[in-house]
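Numbering of ligands and ligand atoms starts at 1, following listing order.
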Amino acid sequence: TMSTTADRNQQLFDRAQRSIPGGVNSPVRAFRSVGGTPRFISRAKGPHFWDENGTRYIDYIGSWGPMIVGHTHPAVVAAMQAAIERGLSYGAPTAAEVEMAEEIIKLVPSIEQVRLVSSGTEAAMSALRLARGAAGDGKGRRKIIKFEGCYHGHADSLLVKAGSGLLTFGNPSSAGVPAEITQHTLVLDYNDPQQLEDAFKAHGDDIACVMVEVIAGNMNLVRATPEFLQTMRRLCTQHGAILAFDEVMTGFRVALGGAQSIYGIEPDLTVLGKVIGGGMPVAAFGGRKDVMKHLAPLGGVYQAGTLSGNPVAVACGMATLKLIQAPGFYQRLTAQTSALIDGLVAAAKPHGLAFCGDSVGGMFGIYFASAVPQTYAQIMATDKTRFNAFFHAMLDRGVYLAPSAYEAGFVSAAHDEQVIAATVAAAQDAFAAVAG
Ligand code: PMP
């Protein structure tokens with residue numbers, strides 16, 4: 001890609017690498033997986049953002065999920081401006097937080113009580129501590145189960161990869177995480193109900209929590225099978241373990257009631273983020289009252305935050321939650337997203353490429369593979385080299401996809417027929433370029 005002296009992106013990246021490790025504040029932004037120069041974004045509107053060179057892109061990451069109504073929606077901006085006039089942060093309770101809690105409880109029936117925090121990482125970490133404190137009739141337990149390919153933020157207990165044997169506890173997937181911590185985390189294969197049966201048979205009464213992405217979005221997009229989730233629900237109930245659905249990505253994204261509303265399965269705890277903040281730092285965890293009562297100041301599980309329920313962030317989140325309840329919002333979003341996938345698949349076809357896609361609500365996956373993957377191993381077997389070439393061919397044509405073959409993509413309500421058609425037209429050229 002371009003790296004002349006006029007390339008502001010390259011200039012900024014060179015400068016950034018001197019003051020910020022790797023030049024970015026979150027690793028995927030560095031384009032390490034796809035190569036090339038990260039785009040430094042200067043502004044955004046609706047389905048588009050512009051980089052520092054003034055180049056416009058159709059944005060399919062939407063800040064990695066939050067921007068479901070499109071960028072700088074006037075109703076969201078107005079709500080935030082009104083909130084800013086009243087003060088930026090108080091460290092004392094507000095009416096807006098109560099309204100937001102009530103709104104979340106109304107939209108997600110398995111949530112009876114909820115606490116607001118500032119990031120998905122914080123929400124998942126806090127939910128896990130709560131589960132460990134509340135499991136086994138409040139006596140507490142140590143062990144947890146997660147699945148390879150699912151990401152729940154970067155708390156120590158959750159940065160774990162599978163151990164040497166399937167039923168052995170995990171190994172740290174990051175430096176700086178002691179094995180003494182990850183030895184309590186069992187990492188199983190996604191969509192393998194038999195492994196869950198075996199794990200509960202071996203460790204059942206010691207397991208505090210099973211945490212899962214109901215529709216996984218951190219290994220591209222992989223849907224859970226109903227049997228996988230039903231098995232998980234049954235085993236957790238039988239053994240007094242807490243079932244925690246991490247819906248940071250899928251909450252208010254795949255459907256108004258989240259992925260749990262699609263499968264009709266109720267978890268004990270739900271972790272939320274992204275869309276509930278509408279682009280500002282709001283996340284949450286909530287669930288059954290008899291679990292939530294273990295949280296301080298009522299119970300013995302400590303959790304707190306200086307900026308939790310921040311009034312400006314909550315105003316942004318509430319304005320977004322109102323907009324997504326407009327009649328037909330999800331029908332339209334779902335139709336636009338599947339039109340995108342249908343268009344991309346049709347564009348790939350004449351070139352004989354192994355390419356397919358899937359979508360749920362406003363979330364999608366594209367795969368350089370002949371069939372939609374159902375497991376982590378199948379995701380890992382997709383053609384990453386082809387993906388990287390396609391990513392750059394699309395970027396050169398003004399379409400910004402996730403800069404990694406292992407991330408889901410996001411469509412907003414502002415991605416109308418014209419924007420989807422322009423994307424498909426770009427893809428026709430891009431597929432021709434990568435098929436050669
Ligand atoms: N859980 C899931 C399912 C996520 O996708 C993410 C972030 N992509 C997180 C947790 C962590 O959220 P955050 O980046 O806000 O800490």
Practice task
For S110 and Q260, test the side chains for any donor-to-acceptor distance below 3.5 angstrom and give the result as yes or no.
Solution key: yes

Completion exercise
At a 4.0 angstrom heavy-atom cut-off, ligand 1 is contacted by S119, G120, T121, Y151, H152, G153, E213, N218, D246, V248, M249, K274

Practice task
Sequence neighbours left out, what pairs pass salt bridge (charged side-chain N to carboxylate O under 4.0 Å, His left out) with at least one residue falling in residues 248-268?
Solution key: R233-D268, D268-R288

Handout entry: Side-chain donor-acceptor pair present, D189, Q195, cut-off under 3.5 Å
Key = yes

Exercise for the section: Verify whether one side chain among Q331 and T334 offers a donor that lies under 3.5 Å from an acceptor in the other. Expected result: no

Problem - Between Y406 and T382, a side-chain donor and acceptor under 3.5 Å - result: no

Practice task
Output yes when E99 and K322 qualify as a salt bridge under the 4.0 Å nitrogen-oxygen rule, no when they do not.
Solution key: no

